[in-house]
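By convention in this document, chain letters (A, B, ...) are assigned in the order of the sequence lines, proteins followed by strands, and residues within each chain are numbered from 1.
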Amino acid sequence: MSITVKFFARLREQVGQAETSLNDVSDVQSAWNQATQNMSMPDNTLCAINMQYVSSDAPVKDGDEVAFFPPVTGGCYAQ
Amino acid sequence: MSITVKFFARLREQVGQAETSLNDVSDVQSAWNQATQNMSMPDNTLCAINMQYVSSDAPVKDGDEVAFFPPVTGGCYAQ
Amino acid sequence: MPSEIHSAPFDPWQATQQYQKSQLEPGKYGATASFVGTMRDFNQGDNVTSMTLEHYPGMTESYLDKICEEAKQRWDLIDCLIIHRVGEIHPDDPIVLTVVWSAHRKEAFEACRYLMEELKSRAPFWKKEGLEEGHRWVDKNTPG
Amino acid sequence: MPSEIHSAPFDPWQATQQYQKSQLEPGKYGATASFVGTMRDFNQGDNVTSMTLEHYPGMTESYLDKICEEAKQRWDLIDCLIIHRVGEIHPDDPIVLTVVWSAHRKEAFEACRYLMEELKSRAPFWKKEGLEEGHRWVDKNTPG
């Protein structure tokens, strides 16, 4: 089993890595736990599997790309 | 006393003139009556004095420009 | 002047860009909402080959300016622009452009739509369609 | 493709004009509503000298396309365009462009606003402001 885990923006800086690989993962939360050595996940963290939003209890399967990132802030500026 | 009367769009064609002058006018309705030889005023006719919308009973004074036109249809097309 | 009447075809995107460059202070506006009404080649099931837009010189400009001023009083805006074609218009020609610049997007969206709605109901313009079998005045703007 | 990610400055008016010329059938659309979000030089009282916009390559594009598709399902539209900047951005640079072409203006206005609201809440972009005294992540989009 091979899972890619990605972190973006502030979370990437907090976790200290942009990307890692894991071998044995059951769900999104366990991917976070392994990749961050059990850091606590900030409340507003967004999770995606294969570029689709999922909840943190979504199951992960071989080949999946799991991503973690903070709330999005695109669009126009200084609303 | 000298009053200018203008007609626009469909009303101009119906009345058969774009502009005329009148000498003795009390209000907008009487300007219409004189200028059109008592044609009946279509229900939806809009009236203006000196380029401001008014009702047909608005008084007219020397030097005024009185205008009559149908409902406006500017802006984008084929709504 | 926030409003212009053009008797020849105009490019709404170029006009917006030029107005912005010459009139707006860089870095101060965050939101620009715009609307362009373009002539279609059909209306109510008929092919329309051309259209003539009549206006009331003086009153039309004054009402367009008035509508811009009212929008600025109602919302916190930086600037507005209205350009409206008159004369003979052909399919695919832009008829009207409304643009609003503001700090925030809510105001820009709302005011841009307001300009169009007010313009359609109050500014003295009249459309006459050229059909294959003659001409007809457009009696009213349907809602939309 | 209705959406594009640009890593260099773009001109939203030129982009709209070019897309329209190459993708839209003349005479068929009557309404074009657009929105441009531009970088201001201040936010929350601070001078902002630059901004870095990060995205999630692949997912961002897919969500922008998805948002366009959803708008097309919800309203009767002819076409949509979304362009979003990423990378280092300076005051007065356009950040985002949304454009909607339709037959009627109601749909264009509503769908253009929908694209912006959905994009802000769902498309993976993150802003980091460069201030005179360092950097800060923008935590959330305030309503607007």
Side-chain angles (χ1 to χ4, degrees), chain A residues 2-22 25 27-29 31-32 35-36 39-79, chain D residues 5 12 35-46 48 51-67 82 84-86 89 91-98 115-129 135-144:
Chain A
S2 171
I3 307 295
T4 304
V5 180
K6 293 184 171 183
F7 301 94
F8 290 94
R10 185 204 291 271
L11 270 191
R12 185 188 61 245
E13 295 180 357
Q14 287 172 337
V15 168
Q17 58 185 346
E19 187 171 335
T20 187
S21 290
L22 301 173
V25 173
D27 62 13
V28 169
Q29 180 68 56
W32 170 275
T36 67
M39 269 178 60
S40 72
M41 191 191 292
D43 277 349
N44 53 15
T45 298
L46 297 170
C47 313
I49 294 178
N50 299 329
M51 303 186 179
Q52 301 274 346
Y53 288 107
V54 294
S55 61
S56 62
D57 60 358
V60 169
K61 61 180 198 316
D62 188 27
D64 278 353
E65 175 172 299
V66 180
F68 298 98
F69 45 82
V72 303
T73 57
C76 56
Y77 186 56
Q79 308 313 306
Chain D
I5 303 288
F35 180 85
V36 180
T38 304
M39 188 181 164
R40 300 199 302 162
D41 54 12
F42 56 97
N43 190 21
Q44 300 173 352
D46 293 313
V48 182
M51 191 166 73
T52 305
L53 249 161
E54 186 175 330
H55 76 306
Y56 182 173
M59 181 167 174
T60 306
E61 291 84 341
S62 136
Y63 267 79
L64 295 183
D65 286 349
K66 193 180 296 210
I67 289 164
I82 300 179
H84 206 294
R85 263 299 297 283
V86 294
I89 298 178
D92 206 38
D93 281 356
I95 301 170
V96 60
L97 165 71
T98 58
L115 293 182
M116 272 304 299
E117 303 302 327
E118 292 298 306
L119 181 161
K120 285 185 78 83
S121 61
R122 294 163 65 199
F125 291 103
W126 304 276
K127 294 195 188 91
K128 192 179 196 174
E129 295 174 338
H135 290 83
R136 73 175 169 209
W137 287 100
V138 177
D139 275 317
K140 58 173 179 183
N141 283 315
T142 56

D/Val138 and A/Thr73: which non-hydrogen atoms are nearest, and at how many Å? O-CG2, 3.3 Å
What heavy-atom pair brings A/Gly75 and D/His84 nearest, and what distance separates the two atoms? N-NE2, 2.9 Å
Side-chain heavy atoms of D/Glu61 within contact of A/Met51, under 4.5 Å: no
Quick one: list whatever passes ring-ring contact (aromatic ring centres under 6.0 Å, His included) with A/Phe68, sequence neighbours left out. A/Phe7, A/Trp32
I want to check something: taking the side chain as every heavy atom from C-beta on, are D/Lys128 and A/Glu13 in contact at a cut-off of under 4.5 Å? yes
Among residues 57-65 of chain A, residues within the sub-4.5 Å heavy-atom range of chain D, in order of number, are A/Glu65
Taking side chain to side chain donor-acceptor pair (under 3.5 Å) as the definition, give me every residue that meets it alongside A/Glu19, ordered by chain and number, with sequence neighbours left out. none
Give the minimum heavy-atom separation between A/Gly74 and D/Phe125, together with the two atoms involved. CA-CB, 3.5 Å
Rounded distance (nearest 0.5 Å) linking atom NE2 of D/His55 with atom CZ of A/Phe69: 12.5 Å
With A/Phe8, which residues qualify under ring-ring contact (aromatic ring centres under 6.0 Å, His included), at least two apart? D/Tyr56, D/Trp126
